[in-house]
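To start, the structure under review is shown below, and the notes come after it.
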Amino acid sequence: MPTSKKSATHSARPSRDASKAGTSRKEKSATPVVQKSLSKYRSKRNFSVTAEPSGEKEQAPNPEALRFVIQKHAASHLHFDLRLEVDGVMKSWAVPKGPSVDPDIKRLAMEVEDHPVAYNTFEGTIPPGEYGGGTVMLWDRGKYSPDEIDSGEDANAAAKRALASGKLAFTFHGERLQGSYALVRTRRGEERAQWLLIKHKDRFAKAGQDIVAKVMTSVDTARTMEEIAAANSDEPNALDEMGAVAPMEPTLAPASVPAGEYAITEEPEGKRVFAFLTSGTVKLTANAGSKNFDSAAALEGSPNAAAALLRMARKIEGAVILDGYLSPDEFVVADVLLVGNDLQVEEPWIARQTSLESLLDSQSTGTKSGTAALFPMPWVASTAEHVHSSSAEIGAPSIIAKRIDSPYESGASKYWLRVSL
Ligand code: MN
């Protein structure tokens with residue numbers, strides 16, 4: 001039984017050689033201007049959960065050596081993040097298709113919040129459910145320089161002026177990208193100004209080449225996205241903590257039922273399983289920690305339930321673990337143990353039931369014919385005095401009475417009481 005309700009995955013690690021990214025200058029506290037620029041970045045993130053940098057300690061900017069980084073980010077949608085240093089922060093754009101080296105191809109770049117310079121060495125995973133949850137790869141890095149610098153300006157002032165005017169011509173001095181590009185603003189907007197990223201014709205231009213398809217590894221660690229994700233998956237997280245959780249089972253109701261409020265359910269039918277749903281995949285296990293259950297065979301026998309579970313798995317953020325009963329036509333959900341990487345096992349039953357019902361409500365869980373294949377187990381409220389008579393009252397040969405304030409316990413529990421006629 002896990003002891004903590006919430007579990008964070010501190011799974012990203014800083015790049016092994018930060019100096020390569022040009023971050024070797026002495027750290028000092030960020031200036032008030034930098035702090036203000038980063039307020040939106042900070043407000044979107046919980047730094048006790050994500051391993052992304054808060055940017056509280058920033059390097060002093062060098063106005064003549066501006067840094068850039070491009071990160072490949074498999075969040076809800078795969079995209080590339082272009083970041084250019086201006087005034088000590090990284091101005092950032094989400095580029096859905098990534099940069100191109102072909103001057104005939106214009107790439108949409110959506111302006112997003114400024115990031116701290118410390119983000120330039122971030123590669124790893126952002127926990128599911130957190131802002132931008134997913135895998136981050138360092139795809140390119142280096143310096144950039146504005147192509148037009150007025151007299152009396154330094155590079156930083158020139159970049160700042162050009163961006164404010166809506167057109168920056170600049171040159172990448174990266175490990176993967178070189179040569180001159182233009183960033184051109186096509187639509188203003190407080191939140192989401194749109195820009196185009198266009199390669200200028202120069203000796204680094206390569207007509208017809210798709211560089212983001214060609215270069216699939218980290219510029220820092222040479223890892224693929226899959227390797228970055230896998231490296232982090234063996235660090236402890238909520239799913240690992242689930243390993244020790246076995247199905248909660250009822251015990252025989254004592255003659256004198258302990259006082260409290262109860263939820264009465266019929267004795268469920270079907271095969272008791274835990275369903276792990278995460279990013280489009282469904283796994284069934286007989287025990288939360290078991291890896292020996294044949295999900296494919298079990299789901300093959302229940303195509304409607306399999307389809308409903310899969311639809312749900314494609315829509316959820318993070319992971320969900322359901323405790324339920326699988327039969328040929330349906331999956332009846334009795335409990336929920338994990339939602340979006342937050343353990344639910346210490347929540348009272350009634351709170352788990354509420355999150356379970358809203359979780360299922362928010363899904364389209366029916367089959368095409370309109371018959372629900374995935375739904376919460378029906379229950380009625382009762383009290384201790386009525387537990388023994390409830391079996392006869394609802395006309396079921398056997399019922400289970402669940403204390404509505406009970407946590408989820410592994411194995412036989414005094415909180416769940418079985419009454420048979
Ligand atoms: Mn991103």
Side-chain angles (χ1 to χ4, degrees), residues 1-3 5 242 244-276 284-290 302 305 309 320-339 342-361 363 365 372-421:
M1 187 84 174
T3 49
K5 187 176 102 189
M242 294 300 304
V245 179
M248 185 165 177
E249 300 285 357
T251 50
L252 208 58
S256 169
V257 173
E261 291 182 59
Y262 289 81
I264 309 290
T265 73
E266 290 190 34
E267 187 82 54
E269 289 170 14
K271 185 170 179 53
R272 179 86 177 270
V273 290
F274 289 121
F276 278 52
L284 301 181
T285 68
N287 200 303
S290 164
S302 306
L309 286 167
V320 164
I321 298 179
L322 305 172
D323 176 5
Y325 298 83
L326 184 69
S327 57
D329 289 323
E330 60 197 28
F331 188 80
V332 182
V333 192
D335 220 316
V336 62
L337 281 65
L338 181 90
V339 178
D342 287 341
L343 285 174
Q344 304 290 311
V345 291
E346 297 195 0
E347 298 288 337
W349 179 88
I350 191 69
R352 299 199 305 278
Q353 194 66 25
T354 304
S355 41
L356 170 60
E357 286 171 13
S358 68
L359 192 64
L360 293 178
D361 269 354
Q363 309 295 326
T365 51
L374 180 62
F375 54 87
M377 179 171 289
W379 59 278
V380 292
S382 188
T383 53
E385 307 84 72
H386 291 100
V387 163
H388 279 286
S389 56
S390 56
S391 178
E393 275 164 22
I394 68 169
S398 181
I399 60 97
I400 296 169
K402 300 174 177 178
R403 268 277 290 274
I404 69 163
D405 57 350
S406 72
Y408 193 96
E409 291 192 326
S410 288
S413 169
K414 63 184 185 337
Y415 292 120
W416 286 11
L417 305 175
R418 175 179 277 124
V419 179
S420 302
L421 278 181

Next item on the list: Kindly determine whether Leu322 and Leu356 satisfy side chain to side chain contact (heavy atoms under 4.5 Å, CB included), including the steps that lead there.
Entry: CA-CA 9 Å; Leu322 305 172; Leu356 170 60; 4.0 Å; yes
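- Remark: Asp323 engages Arg272, Tyr408 in a side-chain hydrogen bond (donor to acceptor under 3.5 Å, both in side chains) (not counting sequence neighbours).
- No donor-acceptor pair closer than 3.5 Å links the side chain of Ser302 to the backbone N or O of Asp329.
- The minimum heavy-atom distance between Ile399 and Val387, with the atom names listed, is CD1-O, 4.2 Å.
- Within the model, atoms NE2 of His386 and OG of Ser391 stand 14.0 Å from one another, a figure rounded to the nearest 0.5 Å.
- Listed by first and then second residue, the side-chain hydrogen bond (donor to acceptor under 3.5 Å, both in side chains) pairs involving residues 396-407 are Glu267-Ser398, Ser398-Ser420, Arg403-Asp405 (not counting sequence neighbours).
- With rounding to the nearest 0.5 Å, the separation of CD1 in Ile400 from CZ in Arg418 is 5.0 Å.
- Between the CG atom in Leu417 and the CD1 atom in Ile264 there is a gap of 8.5 Å [rounded to 0.5 Å].
- Across all non-hydrogen atoms, the minimal contact from Trp349 to Ala263 is CH2-CB, 3.4 Å.
- To the nearest 0.5 Å, atom CZ of residue Phe276 and atom CG of residue Leu337 are 8.5 Å apart.
- The CH2 atom of Trp416 sits 13.5 Å away from the OH atom of Tyr262 when rounded to the nearest 0.5 Å.
- Glu409 places no side-chain N or O within 3.5 Å of a backbone atom of Pro407 that could act as its donor or acceptor partner.
- For Ser327 (side chain) and Gly270 (main-chain N/O), no donor-acceptor pair under 3.5 Å exists by modelled atom type.
- The environment of Glu261 atom CD is sparse: at most 12 non-hydrogen atoms of other residues, nucleotides or ligands sit within 6.0 angstrom.
- Taking all atoms of both residues into account, the shortest heavy-atom contact from Ala253 to Val419 is CB-CG2, 3.6 Å.
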Next item on the list: Show your reasoning for whether side chain to side chain contact (heavy atoms under 4.5 Å, CB included) applies to Val320 and Leu338.
Entry: CA-CA 5 Å; Val320 164; Leu338 181 90; over 6 Å; no
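- The two residues Val336 and Ser355 come nearest to each other via the heavy atoms CG1-OG, 4.1 Å.
- The two residues Phe274 and Val245 make their nearest non-hydrogen contact at CE1-O, 3.9 Å.
- The shortest non-hydrogen separation linking Ala305 to Ala373 is N-CB, 4.1 Å.
- In this structure, the side chain of His388 engages the main chain of Pro254 through a donor-acceptor pair within 3.5 Å.
- Between Phe375 and Val332, the closest side-chain pair of non-hydrogen atoms falls below 4.5 Å.
- With rounding to the nearest 0.5 angstrom, the CD1 atom of Ile404 is 11.0 Å from the OG atom of Ser382.
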